[in-house]
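As structure tokens, the structure follows; a few thoughts come after it.
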Amino acid sequence: MRFATRAVHAGLEPDPGYGGVVPAIHQASTYVQPAPGEFREDYDYSRSANPTRSALERALGELEGGLASAFSSGMAAEHALITAVASAGAHVVIPDDLYGGTYRLVDKVLTRWGLEYTMVDQTDLDAVERAVRDDTALIWVETPTNPTLKVVDVGEIVARRRSAFVAVDNTFATPVFQRPLDLGADAVVHSTTKYLGGHSDAVGGAVIVADAARHEAVRFVQNSVGAVPGPLDCFLVHRGLRTLPLRMAAHSENARAVSEWLRGVDGVRDVRWPGFSGMVSFRHDDAVRIASSTRVFSCAESLGGVESLIEVPQAMTHQSVEGSAAAVPADLVRLSCGIEDAQDLIEDLAQAV
Ligand SMILES: *Cc1c(COP(=O)(O)O)cnc(C)c1O
């Protein structure tokens, strides 16, 4: 089946109890065992497995082309993957333009367990080659990058991996536009809070890996650490997946229209849109005033919902990278273009600018 068809049906079988076309939300924390140690499939306790979560995991795996584990947030997913792949003292390579929380996890938490890291501009392949060592355990890729929307060639990074595991944060692109496992990466990470959920009503994350043994290692951390999403959040993200191709087409079209318009506006510099998805950035001396003056665009952190958001990364999402190599300029504005009418988005920005 083609992608849009799979997006609608992935992970969903009619409810075995009553035949509902959408299965019930399994809120139960535990399952009756007819005799001690006897239970259906792997359902003995809901931290270990839950049918609503399993349905979402099957769907995520199908859309990215691998084996998925769902988490309570994107950060929990990142933490699980890094701890499944790297040990104390390991060397990892991270981008010099990345989600602030990823930098904070590596720099403020994991370095306390001896993790060593090198930051590099991953669009500079010679620099990547110099950063990767024989003992590098993990190369963390984010593309397009957050917030400056640089596009990294995943295949070229894989070609320079030596023996490192390659993980790609696919939150901005989604599997509609980029399937990192098909490009040779070992793992994909998502903040499902963003485009996959798509309605700004659930926080969640996912890891999808190609290899079955790695999948078991990630699931082992998932169960051991326990940062699992609740059934209702799984249901909401799964429902979001069903309209993902339609929403991504609308996000892209609006971002194209908004970025084209911005390029002709006085005082607006360095307009960026990678050519797909709904994220746009630009620079303007009055960044803070503009982000405080829009009416359709809400000034808020996060992205990827049906409603448009505006933010100033330096003052909002990227506080944790201040003073590091990943610091962002104060005049940068980031837009998450929603699925409203493009003309309303442009008129809103026009009155604000
Ligand atoms: C939001 C985000 C994360 C973190 O996800 P949470 O669900 O907020 O924990 C990671 N990577 C990127 C690119 C993000 O935008």
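Just so you know, ligand 1 is whichever comes first in the structure, and atom 1 is the first atom listed for that ligand. What's counted below: heavy atoms across the whole structure, side chains too, no hydrogens, waters or symmetry copies.
For the residues T192, D169, L98, N170, the heavy atom positioned nearest atom 13 (C) of ligand 1 is part of D169.
Applying side-chain contact (heavy atoms from CB on, under 4.5 Å) to H199 and the options E307, R239, R247 leaves one that passes, R247.
Side-chain atoms of T52 come within 3.5 Å of backbone N or O of H26 as a donor-acceptor pair. Side chain of S252 to main chain of S277: a donor-acceptor pair is present (N/O by atom type, distance under 3.5 Å, no hydrogens or angles).
Salt-bridge annotation for E13 and R58: absent, with no side-chain N of the basic residue lying under 4.0 Å from a carboxylate O of the acidic one. Salt bridge E253/R256: present, at least one basic N to carboxylate O contact under 4.0 Å.
At least one heavy atom of L303 lies less than 4.0 angstrom from ligand 1. Ligand 1 is never approached by H190 to a heavy-atom distance shorter than 4.0 Å.
Inclusion of T102 in the set of residues having an N or O under 3.5 Å from an N or O of ligand 1 is not warranted. Ligand 1 has no nitrogen or oxygen under 3.5 angstrom from a nitrogen or oxygen of E142. At under 3.5 Å, a nitrogen or oxygen of M75, whether backbone or side chain, sits near a nitrogen or oxygen of ligand 1. Residue G74 has at least one N or O atom closer than 3.5 Å to an N or O atom of ligand 1.
Proximity of P329 to Q314: side-chain heavy atoms (C-beta onward) are nowhere separated by under 4.5 Å.
Centroid-to-centroid, the aromatic rings of Y43 and Y31 come within less than 6.0 Å. Taking the six-membered ring for Trp and the full ring otherwise, the centers of H251 and Y195 sit less than 6.0 Å from each other.
Atoms of ligand 1 lying under 4.0 Å from any heavy atom of G204, numbered from 1 in the order shown and given with element: 7 (O). Which parts of ligand 1 touch N146 is read off a 4.0 Å heavy-atom cut-off, strictly below it: atoms 15 (O). Which parts of ligand 1 touch T193 is read off a 4.0 Å heavy-atom cut-off, strictly below it: atoms 7 (O). Close approach of ligand 1 to E78 is summarised as follows: ligand atoms under 4.0 Å from at least one heavy atom of the residue are 10 (C), 11 (N).
If you check the side chains of Q351 and S293, you find no donor sitting under 3.5 Å from an acceptor.
For atom 4 (C) of ligand 1, the closest non-hydrogen atom on the protein side is Y99 CE2, 3.4 Å. Shortest contact from atom 1 (C) of ligand 1 to any protein heavy atom: K194 NZ, 1.4 Å.
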